[in-house]
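These numbers come from the heavy atoms of this one structure, side chains and all, not from hydrogens, waters or symmetry mates. Note that this is a predicted model, so its numbers are computed, not measured. FYI, the numbering just counts along the sequence from 1. As the structure lists them, so they are numbered: ligands from 1, and atoms in each ligand from 1.
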Amino acid sequence: MYKIGIFDSGVGGLTVLKEIKKVIPASNIIYYGDNGNAPYGDRPEKEIRDLCLKIGKFLYEKDVDIIVIACNTGTAASLKAIRENFPIPIIGVIEPGIRAALETTKNKNIGVILTPASAKMNAYKKVFDKIAPKEYSIMERGCKLMCPIVEGNWEVEYGSYITDELIKLYIDGIPSNVDTLILGCTHYPIMIDTISKYFTKNIVNPANETANELMKQLELIEPKDLSIKIPTTEYIVSGDTVKFLEFAQKFIDKDIKEVKKLNLNIN
Ligand code: DGL
């Protein structure tokens with residue numbers, strides 16, 4: 001059975017995990033949520049890269065067959081560095097997201113909402129310019145407060161009014177010719193109902209294509225440990241375990257029993 005390492009700055013990567021579980025139900029998964037250091041989206045690139053490299057090392061030493069960076073900000077800052085440091089396949093979420101959007105758009109104008117750090121790194125534009133045909137365009141819109149809304153559970157704590165107003169404000173900044181919007185932060189699909197109230201054209205969640213990409217990559221390699229026969233998912237976070245557990249039970253599976261705490265910056 002394959003052993004898959006997945007990480008994000010918090011609960012956002014659970015949106016990717018959910019799709020992965022649909023495509024590859026029989027696997028051993030270690031999910032690391034760095035919620036003690038979230039949001040990544042407000043940090044400088046080097047800091048994000050250093051945090052991600054520590055998580056990459058942790059998962060690599062757990063002997064995973066493959067690592068999924070289930071975080072756009074982390075992918076932009078560290079995909080290259082993690083690939084250079086650890087000799088196993090590493091997948092990010094940005095390229096799959098762009099591929100899915102290129103398939104979806106009809107008028108070739110794509111938009112992406114993402115964290116301020118991703119916007120500053122031109123996370124999508126850089127990859128887009130390499131893989132998209134010339135006649136396609138992409139515009140990036142940094143959304144400072146959207147990840148904290150999800151990570152801090154604002155909707156539950158304060159009701160939907162603030163969330164609604166903020167999302168409306170961010171969507172209002174998307175040019176009207178954009179017919180396809182990529183959710184360029186893995187926390188955003190959790191708010192897809194509200195987002196789709198204000199953006200009524202095509203919405204792309206890169207998680208689906210990322211799960212397909214993972215499947216393709218796994219077909220090319222052999223599992224390192226063939227003795228494991230029972231599918232498992234282990235959840236580890238660097239910060240609040242209780243909040244994470246409640247969220248994971250709601251979003252992934254109500255029977256999740258345990259979230260472990262491990263701060264890689266201390267240990
Ligand atoms: N979920 C992450 C992403 O996809 C990071 C959000 C954050 O921590 O700011 O970009």
Thinking salt bridges, do [X] and [Y] make one under a 4.0 Å N-O criterion?
X    : Y    : answer
R99  : E209 : yes
D63  : K3   : no
K54  : D50  : no
E45  : R49  : yes
E151 : K243 : no
K168 : D164 : no

Inset, instruction - Nearest 0.5 Å please: distance from the CG atom of N208 over to the CG atom of N212. - result: 7.5 Å
Inset, instruction - Give yes or no for whether the N/O distance cutoff of 3.5 Å, strictly under, is met between T186 and ligand 1. - result: yes
Legend entry - Y40 N/O under 3.5 Å from ligand 1 N/O: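 Yes, since at least one N or O of Y40 sits under 3.5 Å from an N or O of ligand 1.
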Identify, by atom number and element, the atoms of ligand 1 in contact range of [X], meaning under 4.0 Å from any of its heavy atoms.
X    : result
C185 : 1 (N), 2 (C), 3 (C), 4 (O), 6 (C), 10 (O)
T115 : 6 (C), 9 (O), 10 (O)
S9   : 5 (C), 6 (C), 7 (C), 8 (O)
D8   : 1 (N), 2 (C)

Nearest non-hydrogen protein atom, [atom]:
atom                    : result
atom 3 (C) of ligand 1  : N72 N, 3.3 Å
atom 9 (O) of ligand 1  : G41 N, 2.7 Å
atom 10 (O) of ligand 1 : T73 OG1, 2.5 Å
atom 1 (N) of ligand 1  : H187 ND1, 2.7 Å
atom 6 (C) of ligand 1  : C147 SG, 3.4 Å

Legend entry - Six-ring centre of F251, K18 cation under 6.0 angstrom, axis tolerance 45°: yes
